[in-house]
Amino acid sequence: MLDDRLKDILVSLLGLERDDLSVEIPENQNFGDYTTNIAMRAFGDKNLFSRLPKEIEKGKSPQDLALSIASFLEKSKDLMQFVGKIEVKRPGFINFWLKEDTLIYNLRYLDTYKNKNIGRGKTVVIDYSSPNIAKNFSIGHLRSTIIGQALYNLYSFLGYRVIGDNHLGDWGSQFGALICEIINSNVSLDSLTVEKLEEMYVEFNRKAKEDPKLQDQARFWFKKLEDGDPKARKIWQTCRKISLEEFERIYKLLGVSFDFVLGESYYEDEMKALLKDKKLIENLEEGEAGAKIIRLDEFGIKTPLMVLKSDGATTYATRDLACLRFRMRRFSADIVIYEVGQEQTLHFKQVFAASRKLGIVPEDVILYHTQHGLYLDQSGHKFSTRKGGVVNLEDVLKEAIKKAKEIITNSATSRNLSSDKIEEVSEKVGIGAIKYFDLKHSVKSDIVFDWNKILSLEGNSGPYLQYTFARTFSVLKKAGSFKFDFKSAFEVNEDEKSLLRFIFHFEEVIKKAAFEFSPNLLCDFLFELCQKFNSFYDKYPILKEEDLKKRQLRLKLTEAVSLVLKKGLGILGIEAVEKM
Ligand code: ARG
């Protein structure tokens, strides 16, 4: 990508190290295509300045230094091959403007990006979705599913080997309670549903408040489950199967699938091995009431991680440690991303710290917890899709499809769509709207759930992006095939140039969105691209342009916008529709 190449060239011309210098994309196109603040940095840093080539003069201000650096750089053939202009802006920014033919030439590669080098040979494991069995699929797990999938696609695009693992919550002492309740209430296993299971768990806890002995019974059953008792296993298996069937329906609606659905239960043996690990045993201490813990004070974490409860049962954290051990061994991960909500911040701090302390994860491997925010309702409370005590996410998704259908049936362009096609498009637009609304918010922020914004055709929404894509599609379809000669000279007007310059940064934005774990950066980019394209479309004739070369350039630009939108939406997990 050119930002990297520019950086390499600057570093070598100026005799610096990569860390000395940053190359950014200015927020405002008036400040060029790239900018660096190296003059400001070097002016205040003797050591840095002394390493610059002798011909560069410091002058009296960062601005003077910037001017001197700029005229030094202008002499480089290497650089000026693709840079058309270098400009210095107060108080000392050096801004680079790309040559027009570089911008146009870029269009050639839009179709076959060759940027697979960034991630070559590296592996990212993404832990996402991860709902709990015997409970309804919550809106929090929806966030995790949508963001996790987008991160998956971002890293894949960059050439990483990506492994998506749905870490189901299918193990733990709560299953002791559930088994206990199922046995005591004598229900037939065939009649169970996720709703029913959730009710039974609540019911158990209600009863256990009155009769504390029930908790002992639950512990007894979890122990049996862990020991492989056939009756306990059978009940647990049934709960798991029923839940997965329900989750599968949601994944199908969302168009999401996973490489692995291992779940917490998978790590039984791995936990046994972990508990025998020498380093773990060395670090294990006696906690309250005979629990076994690992202290993490040296990481600034006051709460120790509990490895074994006082009754000897393993914990959620034990399973996460065992799981990390497995992921390192099996996948040799370079990055492990946990797409999980903010409420588990302490848990992941503990797990990450313990995994370093025990040498499970080497220092150079990145462990990242996304800490996504909550959905809130209009009054600022935690959004819940609970109706009469039942969380039903499926209803929310179906509602989105229904609302999308209303929009599509009312749109002028949908008149010649068959009713089957309308159904299909409504599903893509409705689900796309939900996904986009989630992704356009920064991951850590809370989101106020608002149907009007989710489905708005005017604002920063999924339907708006899809509509713009459909517009490019229709122009290109009407145009049929057209010629474009990259070698010939084009007259490019201001708005065309602005679009060209904007499109140029597409891949760099993808890289940034991946490295900062922030799909919202890609959303911002695509939204602005649509705005730019739509105002261009309103201002200039494309198909009706009589000048052949102008028409070709405009069609080429439309094609570029179309390609970028399709790829960008695809990365966000949203299907582009050709007509709506
Ligand atoms: N099942 C958990 C929950 O719903 C999320 C699991 C996240 N992943 C993990 N490796 N702990 O809270």
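We count ligands from 1, going down the list as the structure has it; atoms in each ligand are counted the same way. Along the sequence shown, residues are numbered consecutively beginning with 1. All figures in this text were calculated on a predicted structure; none of them were measured in a lab.
Taken to the nearest 0.5 Å, the CG atom of Asp127 stands 9.5 Å off from the NE2 atom of His369. Between the OG1 atom in Thr314 and the NZ atom in Lys292 there is a gap of 14.0 Å [rounded to 0.5 Å].
For His141, the heavy-atom gap to ligand 1 drops under 4.0 angstrom.
Looking only at protein heavy atoms, the nearest one to atom 1 (N) of ligand 1 is Asn132 OD1, 2.6 Å. Scanning the protein for heavy atoms near atom 6 (C) of ligand 1, the closest one is Tyr316 OH, 3.2 Å. Closest to atom 12 (O) of ligand 1, if we only count protein heavy atoms, is Gln344 NE2, 2.7 Å.
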Can you list the steps and then say if Tyr155 with Ile337 is a side-chain contact (heavy atoms from CB on, under 4.5 Å)?
-> CA-CA 11 Å; Tyr155 279 93; Ile337 303 173; 3.8 Å; yes

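Two rings, from Tyr266 and Phe260, have their centers 6.0 Å or more apart. Phe137 has its ring centre less than 6.0 Å from the ring centre of Tyr251. In this structure, Tyr464 has its ring center no closer than 6.0 Å to that of Tyr436.
Taking a cut-off of under 4.0 Å to the non-hydrogen atoms of Val340, the atoms of ligand 1 that pass are 7 (C), 8 (N). Near Tyr338, meaning under 4.0 Å from one of its heavy atoms, ligand 1 places the atoms 10 (N). Listed by atom number, the atoms of ligand 1 under 4.0 Å from Asp127 heavy atoms are 7 (C), 8 (N), 9 (C), 10 (N).
A salt bridge between Lys428 and Glu424 is present, with a side-chain N of the basic residue lying under 4.0 Å from a carboxylate O of the acidic one.
If you look at Asp320 next to ligand 1, the close heavy atoms, those under 4.0 Å, all belong to the side chain. Counting heavy atoms closer than 4.0 Å to ligand 1, residue Phe137 contributes nothing at all.
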